[in-house]
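What follows is a single structure, and I will ask about it in a moment.
Note that ligands are numbered from 1 as they come in the structure, with each ligand's atoms numbered from 1 the same way.
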Amino acid sequence: MNQLTLTDDEIRLIKTILAGLESRYRSAEDSEFLRYAGFYAHDLPRRVRAFLHDFKSTELPSGMMLISGYPIDDEKIGRTPKHWKYRSDVSPALAEEMLLILFGSLLGEPLGWATQQDGHIIHDVVPIRGHEHEQLGSSSQELLTWHTEDAFHQHRCDYLGMMCLRNEQRVATNVASIDAIELEPLEVKTLFESRFTIRPDESHLKKNKSDVNNNTGMDNQLEIAYERVSRMQTDPEKVAVLFGDPQSPYMRLDPYFMHRLDDDEQGQAALDAFISKLENQIHDLVLQGGDFVFMDNYRVVHGRQPFAAKYDGRDRWLKRINLARDLRKSRSVRVTAESRVVY
Ligand SMILES: [Fe+2]
């Protein structure tokens, strides 16, 4: 794991930058803030910028990086929300959300999904009562099976960024990198072929839309987006699990949402071998308040260990963003060139 711990001087500089931004913007999803985030990020401490730059440009081994040591004001952020849909006018974690966006902007462009968390760019990952046994970030008692984020979608993120506001129960995220495993040549060849299907995960389904009326004026578009997800569920296209360079491949998979290939013994055998090799490398990563983790979504899979949520305002609370290296690739499913929401 590539890790950087912020020094006192770096934290002071970061806080000065954030204080200035907080006086100008009421939301880290403000379109002007998002437009200039990559520019504001130039003011971040040089060592942090170099660290993120190296991670992006050299594809550092392990495919993950951690920036730790940012102090969280526990009183200021308040209680862990009961649901991601409950958002106050101004987020109590505005500064932390802005910092997540600033760090992320050095890797890519923040991007959200119309069909996930009501189109918000910054997601709250909190346990939700009633979701205990779902395959959702808001579940708790069930193992959240490891996966590529939004593996089913061609516009899935290049990087997944998460910051931890609190995790008193030390709930473990689990992770594995493709760098840690070795595949046989036939397995590589087979996994590079379009013979697998990956259905959308539950977080994109209409049943998980909130009942909050966001009044975005995009209801038609949203319906079309849900229909698209629904088609991907009933009639998923065949895709390759590996892509890029066969010597050092990228991956996309979400075993829980992949059908068994009853009529393709070779494909299923290669997939089983791949899954079991990754499974053997899965290890825990316990995020602490003030940790920022960035995962290369082409090279790392992630999940979460089961835990008993308390719903007492002190449960594990993460903020999550998706980052695309090239926003243009999703232009056909975004409303304007600058818009950050994939429909
Ligand atoms: Fe995930």
Exercise. Side chains of Arg260 and Asp262: does their closest heavy-atom pair fall under 4.5 Å?
Worked result: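 Yes, close enough: below the 4.5 Å cut-off.
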
Exercise. Between Glu168 and Arg316, does at least one N-O distance fall below 4.0 Å, as a salt bridge requires?
Worked result: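 Salt bridge between Glu168 and Arg316, a charged N being under 4.0 Å from a carboxylate O: no.
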
Problem set entry | Closest approach of Gly290 to Ile72 (non-hydrogen atoms, all atoms of both residues) |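 Of all heavy-atom pairs spanning Gly290 and Ile72, the closest is N-CG1, 3.4 Å.
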
For this session: Identify which protein N/O/S atoms are less than 2.8 Å from the Fe ion (ligand 1).
Result: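 Short answer, with waters excluded from the count: His147 NE2, Glu149 OE1, His302 NE2.
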
Would you list the atom pairs, donor with acceptor, under 3.5 Å between side chains in residues 88-100 and any protein atom, with sequence neighbours excluded?
unit_1: Ser88; atom_1: OG; unit_2: Val90; atom_2: O; d: 3.1
unit_1: Asp89; atom_1: OD2; unit_2: Arg26; atom_2: NH2; d: 2.5
unit_1: Ser91; atom_1: OG; unit_2: Ala93; atom_2: N; d: 3.0
unit_1: Ser91; atom_1: OG; unit_2: Glu97; atom_2: OE2; d: 2.7
unit_1: Glu96; atom_1: OE1; unit_2: Lys76; atom_2: NZ; d: 3.2
unit_1: Glu96; atom_1: OE2; unit_2: Lys76; atom_2: NZ; d: 3.4
unit_1: Glu97; atom_1: OE2; unit_2: Lys319; atom_2: NZ; d: 2.7

For this session: May I ask you to say whether Lys209 pairs ionically with Asp118, meaning some side-chain N is under 4.0 Å from a carboxylate O?
Result: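 No, this pair does not count.
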
Exercise. Got a salt bridge between Asp264 and Arg195, using NZ or NE/NH1/NH2 to carboxylate O under 4.0 Å?
Worked result: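 Looking at Asp264 and Arg195, the cut-off is met.
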
